[in-house]
Amino acid sequence: MGALPCPMRTCGFPGFLWGAATAAYQIEGAVREDGRTWSIWDTFSHTPGKVHGGDTGDVACDHYHRWREDVRLMADLGLGAYRFSVAWPRVQPTGRGPAVQRGLDFYRALVDELLAHGITPMVTLYHWDLPQDLETGGGWPERETAHRFAEYAGLVAGALGDRVELWATLNEPWCSAFLGYGSGVHAPGRTDPVAALRAAHHLNLAHGLASQSLRAALPARAGVGVCLNPSAVRPLTQAAADLDARRRIDALANRVFTGPLLRGAYDDDLLADTAALTDWGFVRDGDLDVTRQPLDFLGINYYSPSVVSAATGDTGHRRHDGHGTADHSPWPGADEHVSFHRAPGELTAMDWPVDPTGLKDLLLEYTAQAPGVPLYVTENGAAFDDGPADGGTVHDPDRIRYLHGHLAAVREAIVEGADVRGYFLWSLLDNFEWAYGYSKRFGAVHVDYATQVRTPKSSAHWYAKVAASGELPAG
Ligand code: IFM
């Protein structure tokens, strides 16, 4: 296949980092080794009925033992960057006190191996594995957890700061707050809308405090940012009531984070929409100066858009919000005002519609909202029911189409002015997909969980070619 013609130099992906992403609990396994204690996801996945098939992260992809092989795999694919997360309970098992050296050593060795293969590491400090002891003490709804996180960030920066230049504080704090404490489909499985709002604020505070500890510990060249999963939320029609539904979900999905992080404020409409639940008295004087730290980059995780209207009375509408059909809502104060609708487009195995225009819209929107802040697509990808490896190959044309469409959208956003510096495919490996266990495969590399054999799918080979040439094939 020939490359798309490029009439201007800016058509391509100038200076781009081509990477893949994973997260500790989803791939590492070894949950009881070298001093690691349980996180909220260990507790949750070991609670009957919480995760599909009773799956747990106990073994996952056994990456804790196979990391050299996994780095070699990345090198063979020609990846230029790898985004991984540090397991907080491996480094600081109770969430307080000194670090466990063996935990830090694991990540130092991983980083050194990446660097030896010319792969740029991006570290995420929190991808959902809160030490269980901190949850027992109240978890994210409590302010203390934000201070614990800042201490942990300093410990990791002290160990890896001389060799890692890209640091993300949190991954998708929306999921931590609203799926973890609102709908309860994620750990720790609590279903309290006020706790969810409190958690959101303390995650914002944690980002701010951790950014400060990172900057104090890291060399000036290091970049500190955060990875959000903003919702590309669209109104069903242009009717005023549908536009108001869009405004409500935009506030609860997006502005509850971008307000404090980018502008140092919670928007009045968010406070008004949730006033029957809380007076937000947990936001203390000075907090919003802490949450608004300079960002060296903003990570955008994108999978699918949402379509909303004024409430229709269809009680099953939340099956279209992309976050499962739990009895409890992840949308505090919005349920009686908003209905979700299926967005157009082919569905992935998650039942998420495929629509790359949502990614382009978000990249342009955040370019406007955070002028001068470089963007990375820190996650993008799709689960499909890929067949088993057959004669050493797994064909996944649906994933290639998905990636092609979304990379074309990234390129369009760049041409229209977005400063996008890189793309991290989710995910390098098939892995533990949270409440769906191992039933959903997001990997560009197939994992046979019985044997731990890794087989790059056709999408991995396709992506390797794109990364090597820096250009998208036509078609
Ligand atoms: O697997 C997750 C990841 O951990 C966070 N972002 C979305 C992915 C797919 O659901």
Side-chain angles (χ1 to χ4, degrees), residues 19-29 39-42 44-45 51-52 55-57 60-61 63 82-88 122-130 168-180 183 185-187 203 226-232 253-254 257 298-306 321-326 330 347-355 358-359 362 376-386 396 398-399 402-403 406 423-445 447 449 459:
T22 63
Y25 190 71
Q26 295 182 269
I27 65 164
E28 282 182 4
S39 74
I40 53 175
W41 268 98
D42 296 280
F44 190 75
S45 66
V51 173
H52 176 90
D55 292 345
T56 73
C61 306
H63 171 76
Y82 177 51
R83 173 176 172 245
F84 65 94
S85 78
V86 172
W88 189 348
M122 178 188 279
V123 166
T124 305
L125 287 168
Y126 186 71
H127 200 126
W128 308 354
D129 40 6
L130 185 72
T169 54
L170 305 172
N171 181 70
E172 301 184 0
W174 186 86
C175 297
S176 302
F178 294 100
L179 300 182
S183 69
V185 298
H186 278 191
L203 284 153
V226 62
C227 302
L228 302 178
N229 58 324
S231 180
N254 301 333
F257 298 106
L298 183 58
I300 303 289
N301 295 359
Y302 172 81
Y303 292 87
S304 193
S306 305
D321 76 358
H323 303 292
T325 51
L347 295 179
T348 70
M350 301 293 284
D351 275 346
W352 295 346
V354 178
D355 184 350
L359 179 55
L362 288 173
Y376 287 96
V377 177
T378 37
E379 286 184 25
N380 177 240
F384 288 106
D385 295 326
D386 307 318
D396 58 343
D398 294 339
R399 185 170 291 98
Y402 182 99
L403 296 174
H406 286 77
Y423 176 94
F424 292 81
L425 185 161
W426 186 270
S427 180
L428 175 69
L429 303 170
D430 290 335
N431 61 45
F432 176 81
E433 177 52 25
W434 308 112
Y436 296 88
Y438 298 100
S439 67
K440 304 293 177 196
R441 291 180 177 272
F442 273 90
V445 174
V447 176
Y449 295 112
S459 61

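Whatever order the structure lists ligands and atoms in, that order sets their numbers, starting from 1.
Contacts with ligand 1 closer than 4.0 Å are made by no heavy atom of Tyr25, backbone or side chain.
Judged purely by distance below 3.5 Å, without hydrogens or angles, the side chains of Asn380 and Tyr402 pair a donor atom with an acceptor atom. Side-chain atoms of Thr348 and Tyr303 form no donor-acceptor pair, as typed in the model, at a separation below 3.5 Å. If you check the side chains of Thr22 and Tyr82, you find a donor sitting under 3.5 Å from an acceptor.
Close contacts between ligand 1 and Gln26 involve ligand atoms 1 (O), 3 (C), 4 (O) [criterion: under 4.0 Å to a heavy atom]. Close contacts between ligand 1 and Phe442 involve ligand atoms 9 (C), 10 (O) [criterion: under 4.0 Å to a heavy atom]. Residue-ligand proximity, Trp352 to ligand 1, at heavy-atom distances under 4.0 Å covers atoms 10 (O). Listed by atom number, the atoms of ligand 1 under 4.0 Å from His127 heavy atoms are 3 (C), 4 (O), 5 (C).
At distances below 3.5 Å, not a single donor-acceptor pair connects side-chain atoms of Asn431 with backbone N or O atoms of Ile27.
Between Phe178 and Phe257, the ring planes are perpendicular. Angles over 60° get that label, and only those under 30° would be called parallel.
Glu433 OE2, 2.6 Å is the protein heavy atom nearest to atom 10 (O) of ligand 1. With respect to atom 7 (C) of ligand 1, the closest heavy atom belonging to the protein is Glu379 OE1, 3.3 Å. The protein heavy atom nearest to atom 8 (C) of ligand 1 is Tyr303 OH, 3.5 Å.
You'll find the ring centres of His406 and Trp426 outside the 6.0 Å limit. In this structure, Tyr438 has its ring center under 6.0 Å from that of Phe432.
By the 3.5 Å distance cut-off applied to N or O atoms, Trp434 is counted among the residues near ligand 1.
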